[in-house]
Amino acid sequence: MLELNKSGTDRSEPGRLPAQDPGPDAAADTRPAGASPSTGPDAAAVRVPLRPYLVAGAILCALYFLYAYFQYARFGSPSWDLGIFEQEVRAYAGFDAPVVDIKGPGYLILGDHFSPIVALLAPLYWIWPSAESLLFAQAALFALGAVIVGRTTQQILGGRSGLCVTVAYGLSWGIQEAVKADFHEIAFAVPLLALVCRALLLKRYTAALLWSLPLVLVKEDLGATVAVVGFLLFVYGRRLQGALLAAFGVAAFVVTLVVLIPAASSAGRYDYWTKIDKNGEQDVSMLDSVLGVLNSSVKIEMLVFLIGITAFMALRSPLTLLIVPTLGWRLLSQDSNHWGMVWHYSAILMPVLFLALADGVRRSRGSHRPWLASYAKVAVPVAAAIAVAMTQHLPLRDLLRPETYRTDDARSQAARAALDAIPAGARVETDITLMAHLTSDRTVYWVGGAPGTAPDIVAINLDFGWSRPIQDPVAYAEQLHPEARYRLKHRGGSFVVMERTTPEPDRIPGVRDG
């Protein structure tokens, strides 16, 4: 079980909070009189080499980017999110408001999710104006998390435990599925949470407070996670800092959801409340949502694998409390996409869980329960073995398959020919297949999501998976935009490009007023 009041020796000293006990692995202070006042964690930080972790991080970054790049090059983006984030970053790079036309003409993305930290990618986008730059940034941020997690583990456990945990974290299913899901703003939260947990484990409490503050700029729900960091600081004896940080986290959470997002939203509300209180068209009460948090085998499987990848040792650390806010909204959600092990939602849990693993091992090594002390000695390699074994069923396994590197197949060639038929600067309505390849130098709309705009081009993949097959693409384009007429400009394979033949409307929603 999760133990807030257990030290590494399962004992506490009078006058000291048990969670403050450095545990049996804390080195004795053998400094001579007059030596530097550096304490245990700081001294350990000097002794642990950085180079092996930088090498491991570089390898992981290369693997993540290689997978993401070839998925992009094969026109295999799984959702519209990469295009959405490129439109947002492109706007920031041009010093414009973050309008994302994919979500709707003139749509201000801060009224959807509150993630202003994404603006930090603007300098990279100046150098590399492509969706690929976002994929590289995410790979680097995930790899940075591995460096922090692994090196911190070695600092507190010693031996080769750090590199083992680097492998276990780097190959964890939460990270791999996030790589497969293209870019998301939570990439910034991964190293930030790793730094927060590192600071807590090394008792650098002011640093933990400071590293947690930017989390409220990553996504609207992370204010609740910041509040839990404040709670842990309070438990660890930093009562004023903890209380202030908890209050800040709660305030940021409430203000973002109730004030900032509704102010930026054209609807004047936070749309994602409906993920909790509606199941399709059916209303769901909060009580029913709470009672149904474990009403699916998919949810239970996800929870088991979350803790299982740490060989269940994360349950020994209070750091595990940091995953509760994210798990809370996911389990309350009526959207099944939030429940399972796919998509990107579990990535931010990985640094917390693997540093909780390290903390749990440290706390268990001196346990008076012989079986627990013995298990603690093998938990880290067990976790690494679990990660390696699971990879055969996870995205990075595709890097061992020759077909992953084939970008000259008929479908990819047809997709590139369709792109060549779409002029730069055009306003294009399209589906997911071509979307992220167009957002760097065109105005892009989601197919069916831009009524009244009469885009210059309608480009679709007939094999996209439409609810009903599209027999006449030109008629379909004119059905979407009865205010305009279109003709077939290009057709190759399953890709069709149609161009408008009538004049551009005087008034285009989200672009200008007539």
Side-chain angles (χ1 to χ4, degrees), residues 53 56-74 76-79 81-82 85 131-132 134-150 153 163-191 193-194 298 301-311 314 323 326-327 330 337-357 380 382-401 403-405:
Y53 295 98
I59 293 171
L60 287 171
C61 179
L63 292 176
Y64 299 153
F65 180 64
L66 197 63
Y67 180 93
Y69 170 78
F70 278 101
Q71 177 174 258
Y72 173 81
R74 298 193 314 272
S77 291
S79 76
D81 290 347
L82 182 58
F85 281 106
E132 296 159 87
L134 277 65
L135 298 175
F136 176 78
Q138 176 168 271
L141 289 166
F142 285 169
L144 176 59
V147 172
I148 298 165
V149 168
T153 298
L163 290 175
C164 281
V165 169
T166 301
V167 171
Y169 165 90
L171 298 180
S172 62
W173 60 265
I175 296 296
Q176 290 201 47
E177 291 293 346
V179 170
K180 181 180 180 179
D182 285 338
F183 177 86
H184 289 89
E185 72 288 282
I186 52 88
F188 286 97
V190 169
L193 282 166
V298 176
E301 178 188 62
M302 184 263 293
L303 292 175
V304 170
F305 276 93
L306 271 179
I307 306 301
I309 57 173
T310 70
I323 74 174
T326 297
L327 280 182
R330 289 177 62 187
N337 289 314
H338 295 151
W339 303 346
M341 297 170 63
V342 296
W343 300 108
H344 58 288
Y345 302 109
S346 295
I348 65 172
L349 308 180
M350 297 298 110
V352 175
L353 289 169
F354 281 98
L355 284 175
L357 158 67
V380 168
V382 166
I386 290 171
V388 172
M390 287 187 66
T391 296
Q392 66 177 315
H393 304 292
L394 293 171
L396 290 185
R397 74 189 185 282
D398 290 348
L399 294 179
L400 300 176
R401 297 174 176 173
E403 58 267 27
T404 296
Y405 306 95

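Note: hydrogens, waters and symmetry copies are ignored here, and every other heavy atom, side chains too, is used.
- Nearest heavy atom pair, residue A187 against residue L141, reads O-CB, 3.5 Å.
- Using a 30° and 60° split on the angle between ring planes, Y405 and F70 fall in the perpendicular class, above 60°.
- The shortest heavy-atom contact between L327 and L303 is CD1-CD2, 3.8 Å.
- When all heavy atoms of R74 and E403 are compared, the closest pair comes out as CD-O, 4.2 Å.
- Remark: Y67 OH is packed, more than 12 non-hydrogen atoms of other residues, nucleotides or ligands lying under 6.0 Å away.
- Counting heavy atoms from C-beta outward, V190 and M350 have side chains that stay 4.5 Å or more apart.
- A 4.5 Å side-chain heavy-atom check between F305 and S346 finds every atom pair outside the cut-off.
- The main-chain N or O of I323 is never found under 3.5 Å from a side-chain atom of T326 such that the two would form a donor-acceptor pair.
- How far CG of L134 is from NE2 of H184: 11.0 Å, rounded to the nearest 0.5 Å.
- Residues A194 and V149 share a closest heavy-atom pair of CB-CG2, 4.1 Å.
- No donor-acceptor distance shorter than 3.5 angstrom exists from the side chain of E132 to the backbone of Y69, with no hydrogens or angles considered.
- Checking side-chain atoms of E301 against main-chain N and O of V298 turns up no donor-acceptor pair under 3.5 Å.
- Put simply, OG on S172 and CG on L306 are 10.0 Å apart, with the number rounded to the nearest 0.5 Å.
- Atom CD of E177 is separated from atom CG of L396 by 9.5 Å, given to the nearest 0.5 angstrom.
- For the atom pair CD of E185 and CG of D81, the computed distance is 8.5 Å after rounding to the nearest 0.5 Å.
- Taking all atoms of both residues into account, the shortest heavy-atom contact from A178 to A347 is CB-CB, 3.7 Å.
- A donor-acceptor pair under 3.5 Å links the side-chain atoms of Q71 to the main chain of K180, judged by distance alone.
- Nearest heavy-atom pair across L357 and A383 is CD2-CB, 4.0 Å.
- Between C61 and F142, every side-chain heavy-atom pair lies at or beyond the 4.5 Å cut-off.
- Using a 4.5 Å heavy-atom cutoff, the side chains of T153 and Y169 are not in contact.
- Although no hydrogens or angles enter the test, the distance criterion places a donor-acceptor pair under 3.5 Å between the side chain of Y64 and the main chain of G170.
- Formation of a donor-acceptor pair under 3.5 Å by the T404 side chain with backbone atoms of D398 is found in this model.
- I309 contributes atom CD1, which lies 4.0 Å from atom CZ of F354 (distance to the nearest 0.5 angstrom).
- Looking at heavy atoms from C-beta onward, T391 lies out of side-chain contact with W173 at the 4.5 angstrom threshold.
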I would like to know whether M302 and W339 meet side chain to side chain contact (heavy atoms under 4.5 Å, CB included); could you show each step before the answer?
CA-CA 7 Å; M302 184 263 293; W339 303 346; 5.6 Å; no
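- Checking side-chain atoms of Q138 against main-chain N and O of D182 turns up a donor-acceptor pair under 3.5 Å.
- Separation of atoms OG1 (T166) and CD1 (I59) is listed at 11.0 Å; rounding is to 0.5 Å.
- Residues F65 and L135 form a side-chain contact, since some pair of their non-hydrogen atoms from C-beta on lies under 4.5 Å apart.
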